[in-house]
Amino acid sequence: MKTILSGIQPSGKLHLGNYFGAIRQHIKMQEEGDAFYFIANYHSLTSLNNGEELYRNTMDVTLDYLALGMDPERCTFFAQSDVPQVVELSWILGTLTPVSLMEKSVAYKDKVAQGLAANIGLFTYPVLQAADILIYGSNLVPVGADQKQNLEISRDLASRFNHTYNGEYLTIPEPYIVDSVATVPGIDGRKMSKSYGNAINIFDEGKGLKKKVMAIETDSTELEAPKDPDSCNVYALIKLFADKETSDEIAEKYRTGGYGYGHAKKELLALIKDYFDEAREKRKELEQKPDYIHDILREGGRKARERAERIMEPVREATGIVRHFSMEQPLSSR
Ligand code: ADP
Ligand code: TRP
């Protein structure tokens with residue numbers, strides 16, 4: 001059976017771009033193999049240095065995923081930090097990583113250009129991501145197109161390790177680029193992103209949700225005039241939520257005229273409410289059960305650590321890194 005793995009950073013509230021670009025596929029793929037999904041909290045430390053906030057985000061993302069359909073009975077769902085062995089593997093891989101490989105990272109350059117501090121954690125982010133992937137022997141890694149380069153780096157580091165230590169220790173993972181959905185636009189028409197302040201969050205509701213939907217930027221075509229659905233941000237979002245018949249009907253109304261952007265926004269608002277209605281209810285229920293949430297993460301972490309140890313033992317042995325505290329006999333007498 002294939003091992004499927006992916007992670008998401010808990011660096012803020014999850015939005016519609018995250019849902020249609022990543023989360024929806026993660027949830028669907030639980031059925032398709034031995035799935036490992038984790039909350040990448042060590043990675044979030046590269047851009048968030050507030051303990052309370054990081055912890056709260058980690059719990060929020062856990063609740064979001066569970067409410068949206070992640071099923072801990074069918075996959076291993078855990079927090080990255082419950083497998084500290086990834087940091088150990090990350091160090092070992094780092095010793096084989098040329099600085100020039102990291103210097104080519106587009107994500108690093110983008111983040112620094114956006115104003116993030118150029119710390120070593122941010123610089124070596126792809127090495128930790130490689131460790132995340134390789135430590136479970138992952139075969140398939142479903143991610144958005146923006147993660148393609150990080151996956152190339154993971155493949156490269158696995159090969160370097162196997163070549164250096166002359167064995168098949170680490171499985172070379174295959175990227176599974178989820179591009180069924182075009183980039184989801186934010187309310188200002190740019191890519192929806194938490195760093196642009198243009199996001200509609202999955203669990204926004206009530207007045208807050210309405211305000212954001214009503215603020216979606218449109219052109220100034222008059223109500224009576226025909227409009228082009230394909231160049232409209234509101235319609236781009238409607239298409240994600242509505243079935244084909246409904247979205248075709250709405251497109252027809254755009255083209256006919258006499259249908260204003262205000263009407264389209266109201267339809268979008270109703271579609272969003274309806275689409276996430278069940279998840280919203282479930283999230284409220286789960287919020288009342290913190291012990292249950294901790295049990296899920298504890299059990300997920302235990303399963304993930306067990307798998308990680310299976311990969312790490314031969315890796316330690318190959319590198320000559322010996323953990324005397326866990327050895328019953330010295331190596332020389334084995
Ligand atoms: P953000 O841009 O808000 O910081 P992240 O970079 O943390 O989001 O993205 C997490 C996942 O969500 C990635 O797999 C990414 O491909 C996907 N994603 C984020 N924004 C969008 C978007 N606007 N459209 C499609 N997918 C997106
Ligand atoms: N870098 C990923 C993102 O920003 C999150 C991530 C961390 C990840 N480790 C991973 C994704 C391992 C896939 C596999 O979305």
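Just so you know, ligand 1 is whichever comes first in the structure, and atom 1 is the first atom listed for that ligand. Please read all numbers here as calculations on a predicted model, not as lab measurements.
Thr246 and Asp243 are linked by a side-chain donor-acceptor pair at a separation below 3.5 angstrom, with hydrogens and angles left out of the test. Donor-acceptor pairing under 3.5 Å is lacking for the side chains of Asp71 and Gln30. Under 3.5 Å, the side chains of Tyr261 and Asp219 contain a donor-acceptor pair of N or O atoms. For the residue pair Gln129 / His43, no side-chain donor-acceptor distance below 3.5 Å is found, with atom types taken as modelled. In this structure, a donor-acceptor pair under 3.5 Å is present between the side chains of Asp228 and Ser231.
Geometrically, ligand 1 and Lys194 share a nitrogen or oxygen pair separated by less than 3.5 Å. On a distance-only criterion, Gln129 and ligand 2 share at least one N/O pair closer than 3.5 Å.
Heavy atoms of Gln147 found under 4.0 angstrom from ligand 2 belong exclusively to the side chain. Residue Asn18 touches ligand 1 through backbone and side chain together, judged by heavy-atom distances below 4.0 Å. Contacts between Leu5 and ligand 2 below 4.0 angstrom, taking non-hydrogen atoms only, involve the side chain exclusively. Contacts with ligand 2 closer than 4.0 Å are made by side-chain heavy atoms of Ile133 only, the backbone lying farther away. Contacts with ligand 1 closer than 4.0 Å are made by side-chain heavy atoms of His15 only, the backbone lying farther away. When non-hydrogen atoms are compared, ligand 1 lies under 4.0 Å from the side chain of Ala22 (C-beta onward) but not from its backbone. Under 4.0 Å from ligand 2, the heavy atoms of Phe38 that appear belong solely to its side chain.
Ranking the protein heavy atoms by distance from atom 9 (N) of ligand 2 puts Asp132 OD2, 2.8 Å first. From the protein, the heavy atom lying nearest to atom 1 (N) of ligand 2 is Tyr125 OH, 2.7 Å. For atom 6 (C) of ligand 2, the nearest protein heavy atom (residue, atom name, distance) is Gly7 O, 3.8 Å. In this structure, atom 7 (C) of ligand 2 lies nearest to the protein heavy atom His43 ND1, 3.3 Å.
Checked against the 6.0 Å centroid criterion, the rings of Tyr169 and Phe161 qualify as a close aromatic pair.
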Criterion ring pair (Phe, Tyr, Trp, His ring centres under 6.0 Å) on Tyr136 and Phe78, from CA distance to verdict: CA-CA 13 Å; Tyr136 307 107; Phe78 61 104; 5.6 Å; yes
Full working for side chain to side chain donor-acceptor pair (under 3.5 Å) between Asn139 and Glu174: CA-CA 6 Å; Asn139 307 107; Glu174 293 295 329; over 6 Å; no
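Listed by atom number, the atoms of ligand 1 under 4.0 Å from Thr183 heavy atoms are 23 (N), 24 (N). Heavy-atom contacts of Gln9 reach the following atoms of ligand 2: 4 (O) (cutoff under 4.0 Å). Contact atoms of ligand 1 toward Gly21: 25 (C), 26 (N) (distance under 4.0 Å to a heavy atom of the residue).
Assignment of Lys191 to the shell around ligand 1 is supported, since a heavy atom sits closer than 4.0 Å. No heavy atom of Val143 sits closer than 4.0 Å to any atom of ligand 1.
Taking CG of Asp291 as the start and CD1 of Ile296 as the end, the distance is 11.5 Å to the nearest 0.5 Å.
Test Thr124, Thr46, Leu116, Leu122 against Tyr108 for side-chain contact (heavy atoms from CB on, under 4.5 Å) and you get one pass: Leu122.
Considering each of Val184, Asn198, Ile177, Leu14, the one bringing a non-hydrogen atom nearest atom 23 (N) of ligand 1 is Val184. Between atom 15 (C) of ligand 1 and the options Ile23, Leu16, Ile8, Asp146, the minimum heavy-atom separation is to Asp146.
Below 30°, between 30° and 60°, or above 60°: for Tyr19 and Phe276 the angle between ring planes is above 60°, a perpendicular geometry.
Met102 is listed as a side-chain neighbour of Ile153, based on a closest heavy-atom distance under 4.5 Å.
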